[in-house]
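Note that the coordinates shown come from a computational prediction; the quantities given were computed from them, not determined experimentally. Each chain gets a letter, A, B and so on, in the order its sequence line appears, and its residues count up from 1.
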Amino acid sequence: MEKLIVIDGNSIANRAFYAMPPLTNSSGLHTNAVFGFTTMLLKLIEEEKPTHLLVAFDAGKVTFRHAEYEQYKGGRAKTPSELSEQFPLLRELLTACGISHFELNGYEADDIIGTLTRIADEQKKQVMVVSGDKDMLQLASDQVTIALTRKGVTEIEAYDPAQIQEKYGLSPEQIIDLKGLMGDTSDNIPGVPGVGEKTALKLLHQYGTVENVLASVGELKGKMKENMETHADSARMSKELATIFREVPLEQSWDDLKFEGISTGQALPFFRKMEFKSLIDRVAAMDPSGGAGSEVDMEPAAPLNLVVVEAGNVSELDAKLSEVEVFHVEVVGENPHQSDVIGVVFRTFDTSYYVPFELLKSEEAAALRSWIADGEVPKRGYDLHKIDLALHWKGVAFEGAAFDVSLSAYLLDPTDSNMSLDGLAAKYGLSSVKSDDEVYGKGAKFKVPALSMLSEHVGRKAMAIQEIMKKQQAELEDVEMHQLYYELELPLSKVLADMEKQGIAVNVGDLRDLGKEFEAIINTLVTNIYQLAGTEFNINSPKQLGEILFDKLGLPVMKKTKTGYSTDAEVLEKLEPYHDIVKQILHYRSIAKLQSTYVEGLLKEVRQETGKVHTYYRQTIAATGRLSSQFPNLQNIPIRLEEGRKIRKVFVPSEPGWSILAADYSQIELRVLAHISQDEKLIEAFVHNMDIHTKTAMDVFGVPAEAVDANMRRQAKAVNFGIVYGISDYGLSQNLNITRKDAAKFIEQYFAVFQGVRKYMDDIVKEARKNGYVTTLLERRRYLPEINASNFNLRSFAERTAMNTPIQGTAADIIKLAMVKMEERLQTEQLKSRMLLQVHDELVFEVPEDELEIMKELVPEVMAAALKLDVPLQADVSYGANWYEAK
DNA sequence: CCCTTCACG
DNA sequence: ACGTACGTGAAGGGA
């Protein structure tokens, strides 16, 4: 028995869009409507087993109904761009699944469906119509059932004429009359005012049709009679508009709609592009041709040539070393300073040689180790920076990073950079790499599998790296990030690894003493707080604290979070006048933070043997191109408040008599802004080396320098910050605690003076809209898929990001350049000084006594010369016995 | 594992 | 009408 399913494409796409949470694939493509549509489609195919399938779409904007009634579908909200951009994808999906789909000029999907069901009625063929639109019920017949979506998209309810009768007491044809009377706000069909579903049903049960109701209008009473009389024409027209046209000139024959099942060979590439992982298996199982694991899933079923090297056989690999293309080291653990190394793979053109780490460490593998240590031998792999560190702590030297697919993935798209290798492989259509979680298990279940499985996994990784690499090299050229990659990021990864291995010395004794001081303060504060609260509770729990402050003590609620009362510092500061406890809590919070994060946290990270901490700079995390720092984070050591700043005293040189020297860029982001915006006023301010916040205050307030007081300067400073962040009046008003109006006034005054900055802000947003991304001076790129979103919040966020990223990102480019150049100079000048830390605009060194004079000139000189801008770059240097003194 | 808070640039 | 400043990481609480 043949069975046709016709899907109302626009209706189901809309349902799917609103039923699914927002969903994007890693390249930022919105996919939720496609996903919802697909799940519905698969379910229908599985459950209904259609022999014929069609998805009908609406065509264009104007249909014959507009000729009858101009306002047809008027006043309807514009389709959000997140949805409209998914229609081409839907068509791609259908084509890939071998499902016929079309639209017809001047008609809506309804009319195509109406025509098909009429033909089915005549030829006695079975049809199921799937839609979210009740109007379709008018098409029901013995041959035709109408399936309407209920909740979401996958739940549908099928109606035949009997069920329609049961639910509405109407025949399918009368559905048209129903709409004639009640109208339809979503299509802007007027109907009769005052008549809703209840009244309309009552009238139709009595009179049968619109025409009969109108003919019998004399029997009606009151307001309803009046409405019916004055809007008789409207009722007739509404009925006509609601009538589905069933005589569309279709070119397609019944046989054209034949559905032969989904062929995975065609469909899976599309599913991969969409990143519909959960659906891939489902589709694979549905392939009628496939069955016995037709491996279309993998790119040419990629067999792995794997050699597990064993003791006694290493010389075989030695002979192949000159042919090695990819070097991979299997590292387990997040922190590469204390990770386990399981094994390594040397991959030639066609073979992965797996060497267990134990074997690599043995006498027999000396040649392998010298190969790894030889900087002249180029290494290509995944996350070589981490590998370098992990090997280092296991006593194996690594040199010669030449291509790193994780670093390259980061440059190609920094927002999905923490890409695991299996994710990256999937992205490039090589689904042969399992995830580490799958192979090892996660959390407490972690377990290294048997050698056969392990070597297969690791061997496949190396193979995937080889494939990915080829594609990335071409991509890097395409997007002109070749230079950024080879001349900056890759050399930098080595610089970072050296800094990290070096570490910075911590005076553990002093840190413990500081901890004792903090402990004493905390004890006093806790006692006070319990007494003022009249009870003991966990001050660290925002929930419990909120209950004390707002329920027990009755303080006014200033702000709520999604889980309850907000108790952050901003709220507490406003509450200070109401109760003495608040000040104590604020103080407690600040000291408790220092104690847990900076005293206890830091102590946990100090290496017993050396008394040093070794941070791990992550080069592939920040969307702007900045570094991040972990285990411990040394980029957020306190400085703003004196109590916390003392923490810096425990960071000391690792050798007696040496000093800590720190140099930081002065206003690097505003200087970058001056350069890229070419704003005359801003450039002038920096060329004359003026105090930029004071200068901003002078210009914004229109006063001479001597009239700028501390408060004016503070406000100007906030405006400058706001500018860099992609200013909004709301954000500035929050920061300065002023009204939004006043904030807007400041911004307007700023832009009136710094017109080049205004132009930059306008232009960069336009550029982002046009290209879909923004770039830094060194061509680092960040995609902003939400720049054209219809959602105000998402779009605004993307706009601010468009303004901020070129500034923050260029500043990051500059200090990275400075780091690479600085390391070169230390080498060429044969200095013993060492670069230890980077804190976004600051570099920290340890310097022997006899190099102090040189370094305090050299460091700022190299930093200032890192990149030539149209304004001078300036770095200020200072030094002392510890990081605190170097201020 | 997510939320809240807070440290830095 | 909408309701946020840009970029990070760590700790503690609580489901």
note = Contacts of R618(A) meeting salt bridge (Lys or Arg N to Asp or Glu O under 4.0 Å) (sequence neighbours excluded), chain-then-number -> none
request  = Describe, in one word, how the ring planes of W883(A) and F651(A) are oriented to each other, choosing from parallel (under 30°), tilted (30 to 60°) and perpendicular (over 60°).
outcome  = perpendicular
ask   = Between R800(A) and dT4(C), does any side-chain N or O lie under 4.0 Å from OP1 or OP2?
value = no
query = For atom NZ of K583(A), is the number of surrounding heavy atoms from other residues, nucleotides or ligands below 6.0 Å larger than 12?
reply = no
inquiry  = Does K649(A) have more than 12 heavy atoms from other residues, nucleotides or ligands lying within 6.0 Å of its NZ?
reply    = yes
inquiry  = Is it the case that the base of dT8(C) and the side chain of R626(A) share a donor-acceptor contact (distance under 3.5 Å, atom types as modelled)?
reply    = no
Would [X] and [Y] pass as an ion pair if we require N to O under 4.0 Å?
| X | Y | result |
| --- | --- | --- |
| E885(A) | R648(A) | no |
| R781(A) | D413(A) | no |
| D679(A) | K759(A) | no |

query = Please, which pairs that meet salt bridge (charged side-chain N to carboxylate O under 4.0 Å, His left out) have at least one residue in residues 734-748 of chain A, sequence neighbours excluded?
reply = D729(A)-R740(A), D742(A)-K745(A), E748(A)-R758(A)
ask   = Does any pair with a residue in residues 621-640 of chain A pass salt bridge (charged side-chain N to carboxylate O under 4.0 Å, His left out), and if so which ones, sequence neighbours excluded?
value = R626(A)-E669(A)
inquiry  = I'd like to check, for F792(A), whether its ring lies over the base of dC2(C) with centroids under 5.5 Å apart and a plane angle smaller than 30°.
reply    = no
F797(A) ring over dT4(C) six-membered base ring, under 5.5 Å and 30° = no
Atom [atom1] of [X] and atom [atom2] of [N]: how far apart are they, to the nearest Å?
| X | N | atom1 | atom2 | result |
| --- | --- | --- | --- | --- |
| L794(A) | dA5(C) | CG | P | 14 Å |
| E669(A) | dT8(C) | CD | P | 13 Å |
| L594(A) | dG9(C) | CG | P | 20 Å |

Have a look at [X] and say if it touches a base, only the backbone sugar-phosphate, or nothing, with a 4.0 Å heavy-atom cut-off.
| X | answer |
| --- | --- |
| V724(A) | nothing |
| S728(A) | base |
| A798(A) | nothing |
| A623(A) | sugar-phosphate |
| I639(A) | sugar-phosphate |
| R740(A) | base |
| N735(A) | base |
| I807(A) | nothing |
| A812(A) | nothing |
| R640(A) | base |

Anything under 3.5 Å between a donor and an acceptor, one on a side chain of residues 513-529 of chain A, the other on a protein residue two or more places apart or in another chain? List them.
| from | atom 1 | to | atom 2 | distance (Å) |
| --- | --- | --- | --- | --- |
| N523(A) | ND2 | E519(A) | O | 3.4 |
| T524(A) | OG1 | A520(A) | O | 3.0 |
| T527(A) | OG1 | N523(A) | O | 2.8 |
| N528(A) | ND2 | Q584(A) | OE1 | 3.0 |

DNA chain C-proximal residues of residues 511-520 of chain A, any heavy atom under 4.0 Å = none
key: Atom C1', compared across dC6(B) and dC2(C): separation rounded to whole Å   = 29 Å
task = Using the P atom as the reference point in each nucleotide, state the distance between dT5(B) and dA5(C) in Å, no decimals.
result = 13 Å
query = Can you list the residues that meet the ring pair (Phe, Tyr, Trp, His ring centres under 6.0 Å) rule with F446(A), with sequence neighbours excluded?
reply = Y440(A)
message = Just to verify, what does N771(A) make a side chain to side chain donor-acceptor pair (under 3.5 Å) with, not counting sequence neighbours?
response = none
remark   = residues 595-605 of chain A vs side chain to side chain donor-acceptor pair (under 3.5 Å), sequence neighbours excluded, gives Y598(A)-N636(A)
Would you be so kind as to tabulate the donor-acceptor pairs closer than 3.5 Å made by side chains of residues 809-816 of chain A, with sequence neighbours excluded?
| from | atom 1 | to | atom 2 | distance (Å) |
| --- | --- | --- | --- | --- |
| T810(A) | OG1 | L777(A) | N | 3.2 |
| T810(A) | OG1 | P806(A) | O | 2.5 |
| D813(A) | OD1 | R780(A) | NE | 2.9 |
| D813(A) | OD1 | R780(A) | NH2 | 2.9 |
| D813(A) | OD2 | T776(A) | OG1 | 2.6 |
| D813(A) | OD2 | L778(A) | N | 3.4 |
| K816(A) | NZ | E489(A) | OE1 | 3.2 |
| K816(A) | NZ | E489(A) | OE2 | 2.8 |
| K816(A) | NZ | G625(A) | O | 2.7 |

remark   = chain A vs DNA chain B, heavy-atom contacts under 4.0 Å, first-to-last nucleotide span, 5' to 3', is dC3(B) to dG9(B)
Report all interatomic pairs (protein N or O, nucleotide N or O of nucleotides 10-12 of chain C) with separations under 3.5 Å.
| from | atom 1 | to | atom 2 | distance (Å) |
| --- | --- | --- | --- | --- |
| dA10(C) | OP1 | F631(A) | N | 2.9 |

ask   = Would you say the side chains of Q635(A) and Q838(A) form a donor-acceptor pair under 3.5 Å?
value = yes
ask   = What stem regions, each of at least 3 consecutive Watson-Crick or G-U pairs below 3.5 Å, can be found for DNA chain C?
value = B:1-9 with C:6-14
